S.K.: 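Dumping the structure here so I can ask a few things about it.
On a predicted model such as this, the values are computed, not experimentally measured, just so you know. Numbered from 1 within each chain, the chains take letters A, B, ... in sequence-line order.
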Amino acid sequence: MKPESILNLIFWFQNNRTDHFFRTHRNVYATWISEIALQQTRLAAALPPLQKFLDCFPDLQSLAVANEEQVVQCWQGLGYYNRARNLHKAARYITENHSGSFPNSVEELKKVPGIGDYTAAAIASIHFNVKVPVIDGNVKRIFSRLHRLDYNPAPEKLRDILTHIINHVQEPGEFNEAIMEFGQKICLPSSPACPSCFLQEECIAFRENVTAAFPPKIKKEKTAVAWDIYLFTRDKSHIGIIRIPEDFPFLRGHMGFPGYLTIKDNTFSIGIDMDVQPKAKLSGNFKHTIMHYLISASVFVVPADSLSTLPDEILFIPIAQLGATFPSSFMLKAAAFLN
DNA sequence: AAATCGGGGGC
DNA sequence: GCCCCAGATTT
Ligand code: SF4
């Protein structure tokens with residue numbers, strides 16, 4: 001990147017930045033939570049649940065004293081629930097090892113559960129003025145096009161280039177935010193706004209008219225799977241739920257409905273013994289995607305007293321409590337069939 | 001180095 | 001419907 005382009009980028013950012021709620025009154029706690037929430041998640045999708053999470057846990061102490069299940073529940077709608085579990089661990093880790101205030105070096109930040117290269121660089125540069133570059137999806141995409149190279153995974157050479165740039169910048173945090181917001185608003189993942197881009201001249205992919213081919217896209221196989229869900233009702237007001245076991249492919253440890261998932265020839269069960277599979281009438285179907293799994297879900301409503309046996313660990317709760325008990329969107333979609 | 005781990009906005 | 005995102009951790 002030419003020195004002039006770096007200045008243009010910062011100037012563009014100063015005039016076009018969006019003042020999101022999580023960074024208007026800057027504090028390191030809110031930055032941390034928002035950076036974690038935005039991992040692999042588009043801004044528009046993350047904002048409402050992020051606002052809810054910050055309302056629920058406004059500071060490090062409130063997060064540290066909560067229990068893990070509450071924290072995961074408040075992560076509702078964001079997915080990748082280990083991020084929530086790590087937030088909770090991290091709050092306790094910082095409380096115990098750093099007297100409740102964030103460490104200010106990349107090295108120490110990376111020891112915090114859930115904080116890796118990217119998040120450590122973001123926090124260190126934005127809040128402690130450390131000259132360290134962030135390397136996220138935006139940065140890799142932008143430089144992949146500028147250089148017409150595949151930067152995924154990011155080679156050491158890219159880090160060197162960025163480190164050199166940021167060493168010549170006054171405010172590293174501002175530069176890091178600038179390049180990410182440039183990626184989010186101008187050098188978009190698809191259909192980048194090249195006609196209005198101030199980096200055109202030095203952008204090799206643009207000059208060679210191959211921006212659509214960079215970064216190279218990797219397409220991954222999708223797998224169609226079937227998931228049968230059983231809604232065991234009691235007294236028309238209560239519903240049977242159970243903890244999803246640790247050997248399940250996803251949503252492990254969440255509360256959910258009993259059922260079983262079939263992936264190719266493998267069956268994963270949640271509380272259901274296949275041999276005593278209840279006779280039930282199909283109440284409806286829905287589709288949902290988790291990772292590369294295309295799930296066709298079938299929902300069966302079964303009055304619990306019509307069955308001779310039930311899973312031992314099943315718990316009956318008021319239907320109205322489901323929204324505060326299920327973190328996952330998948331189970332909440334199934335719950336909608338109770339109406 | 002490669003697999004794992006959710007979800008929804010926007011095209 | 002499909003794509004891909006302000007990644008981290010485990011294997
Ligand atoms: S010219 Fe297009 S592809 Fe190149 S940096 Fe600008 S927006 Fe991105």
Side-chain angles (χ1 to χ4, degrees), chain A residues 13 17-18 20 22-23 30-50 53 72 75-87 89-90 109-126 133-142 144 152-155 173 175-185 187-193 212 215-225 227 244 246-254 256 263 286-296 326-333:
Chain A
F13 181 57
R17 62 177 292 162
T18 302
H20 301 295
F22 54 84
R23 67 184 189 190
T31 299
W32 169 52
I33 302 293
S34 63
E35 293 298 349
I36 301 294
L38 286 164
Q39 289 171 6
Q40 299 301 108
T41 308
R42 304 186 102 99
L43 186 71
L47 287 179
L50 173 59
F53 190 92
V72 172
W75 201 248
Q76 193 175 72
L78 286 166
Y80 286 156
Y81 296 93
N82 271 332
R83 293 186 296 177
R85 297 187 178 105
N86 281 332
L87 283 178
K89 282 185 204 156
L109 282 165
K110 281 179 66 175
K111 293 179 184 170
V112 179
I115 296 186
D117 288 328
Y118 166 76
T119 308
I123 293 174
S125 64
I126 294 170
V134 295
I135 302 179
D136 74 326
N138 290 302
V139 173
K140 286 186 283 187
R141 182 176 64 255
I142 293 163
S144 170
N152 205 13
F175 175 81
N176 282 335
E177 291 195 280
I179 192 150
M180 290 191 286
E181 198 149 326
F182 173 77
Q184 193 228 339
K185 292 179 172 173
C187 197
L188 302 163
S190 58
S191 306
K217 33 196 164 286
I218 341 111
K219 65 171 167 221
K220 46 214 175 255
E221 296 286 306
K222 308 272 186 187
T223 309
V225 305
W227 193 333
I244 299 176
E246 290 302 317
D247 63 355
F248 212 71
F250 30 68
L251 306 182
R252 284 189 281 270
H254 291 213
I263 302 178
F286 68 93
K287 294 197 178 300
H288 186 81
T289 303
I290 296 182
M291 314 303 307
H292 64 288
Y293 298 108
L294 305 173
I295 303 166
S296 293
F326 287 175
S328 70
S329 298
F330 175 81
M331 287 295 173
L332 290 170
K333 278 187 186 175

S.K.: Write down the distance between CG (A:Leu188) and P (C:dA6), rounded to a whole number of angstrom.
M.R.: 10 Å

S.K.: For a quick check under 3.5 Å, do A:Gln76 and A:Ser329 share a side-chain donor-acceptor pair by atom type?
M.R.: no

S.K.: Starting from P on C:dA8, measure out to CG on A:Leu109 and report it in whole angstrom.
M.R.: 12 Å

S.K.: Does the A:Tyr81 side chain pair with the main chain of A:Pro327, one donor and one acceptor, at a distance under 3.5 Å?
M.R.: yes

S.K.: Categorize A:Pro49 for me: base, sugar-phosphate, or nothing, with a 4.0 angstrom heavy-atom threshold over every strand shown.
M.R.: nothing

S.K.: How long is the line joining CD of A:Gln184 and C1' of B:dG9, in whole Å?
M.R.: 12 Å

S.K.: Using 30° and 60° as the class boundaries, would you call the ring planes of A:His20 and A:Phe22 parallel, tilted or perpendicular?
M.R.: parallel

S.K.: Using atom P in both nucleotides, what's the gap between B:dT4 and C:dA6 to the nearest angstrom?
M.R.: 24 Å

S.K.: Classify the nucleic acid contact of A:Ser191 as base, sugar-phosphate or nothing, counting any heavy atom under 4.0 Å across all strands shown.
M.R.: nothing

S.K.: For nucleotides 3-6 of chain B, which of its nitrogen or oxygen atoms have a protein nitrogen or oxygen under 3.5 Å away, and what is each distance?
M.R.:
from, atom 1, to, atom 2, distance (Å)
B:dC5, OP1, A:Pro249, O, 2.9
B:dC5, OP1, A:Arg252, NH1, 2.8
B:dC5, OP1, A:Arg252, NH2, 2.4
B:dC5, OP2, A:Pro249, O, 3.0
B:dC5, O5', A:Pro249, O, 3.4
B:dG6, OP1, A:Tyr81, N, 3.3
B:dG6, OP2, A:Leu251, N, 2.9
B:dG6, O4', A:Tyr80, N, 3.0
B:dG6, O6, A:Tyr80, OH, 3.0
B:dG6, N1, A:Gln40, O, 3.0
B:dG6, N2, A:Thr41, OG1, 2.8
B:dG6, N2, A:Leu78, O, 3.1

S.K.: Sub-3.5 Å donor-acceptor pair from the side chain of A:Arg141 to the main-chain atoms of A:Gly183, do we have one?
M.R.: yes

S.K.: CD of A:Glu177 versus P of C:dA6: gap in Å, rounded?
M.R.: 14 Å

S.K.: Which nucleotide in the list C:dA6, B:dG8, B:dG10 gets nearest to the side chain of A:Met180?
M.R.: C:dA6

S.K.: Roughly how far apart, to the nearest Å, are B:dG6 and C:dT10 at atom P?
M.R.: 14 Å

S.K.: Can you list the residues that meet the salt bridge (Lys or Arg N to Asp or Glu O under 4.0 Å) rule with A:Lys111, with sequence neighbours excluded?
M.R.: A:Glu108

S.K.: Under 4.0 Å, heavy atoms only, any strand: does A:Ala122 hit a base, just the sugar-phosphate, or nothing?
M.R.: nothing

S.K.: Determine yes or no for a side-chain-to-main-chain donor-acceptor pair under 3.5 angstrom, with A:Lys333 supplying the side chain and A:Lys287 the backbone.
M.R.: yes

S.K.: Side chain of A:Leu38, heavy atoms from C-beta onward: which of C:dA6, B:dG7, C:dA8 has the nearest atom to it?
M.R.: C:dA6

S.K.: Reading DNA chain C from 5' onward, which residue's closest nucleotide shows up sooner: A:Val112 or A:Ser34?
M.R.: A:Ser34

S.K.: Whole Å only: how far is the CG atom of A:Leu294 from the P atom of C:dC2?
M.R.: 7 Å

S.K.: Quick one: A:Arg23 CZ to C:dA6 C1', roughly how many Å, whole number?
M.R.: 10 Å

S.K.: Over how many whole Å does the gap from A:Phe330 atom CZ to B:dG7 atom C1' extend?
M.R.: 13 Å

S.K.: Measure from the side-chain N and O atoms of A:Arg23 to the backbone N and O of A:Thr18, and report whether any donor-acceptor pair falls under 3.5 Å.
M.R.: yes

S.K.: C:dC3, C:dT9, C:dA6: which one has an atom nearest the side-chain heavy atoms of A:Asn86?
M.R.: C:dT9

S.K.: Which part of the nucleic acid, if any, lies within reach of A:Ile115 when heavy atoms closer than 4.0 Å are counted: base, sugar-phosphate only, or nothing?
M.R.: sugar-phosphate

S.K.: Judged by atom type as modelled, is there a donor-acceptor pair below 3.5 Å linking the side chain of A:Arg252 to the main-chain atoms of A:Asp247?
M.R.: no

S.K.: Measure CG/A:Asp117 against P/C:dA6 and give the value in whole Å, please.
M.R.: 18 Å

S.K.: With heavy atoms under 4.0 Å as the rule, sort A:Lys219 into base, sugar-phosphate or nothing.
M.R.: nothing

S.K.: How would DNA chain B look in dot-bracket form, 5' to 3', counting Watson-Crick and G-U wobble pairs with both distances under 3.5 Å and writing | for bases paired to another strand?
M.R.: |||||.|||||

S.K.: Parallel, tilted or perpendicular: which one describes the rings of A:Phe53 and A:Trp75, with boundaries at 30° and 60°?
M.R.: perpendicular

S.K.: Looking only at heavy atoms, what is the nearest atom pair of A:Pro133 and A:Asn176, with distance?
M.R.: CA-OD1, 3.6 Å

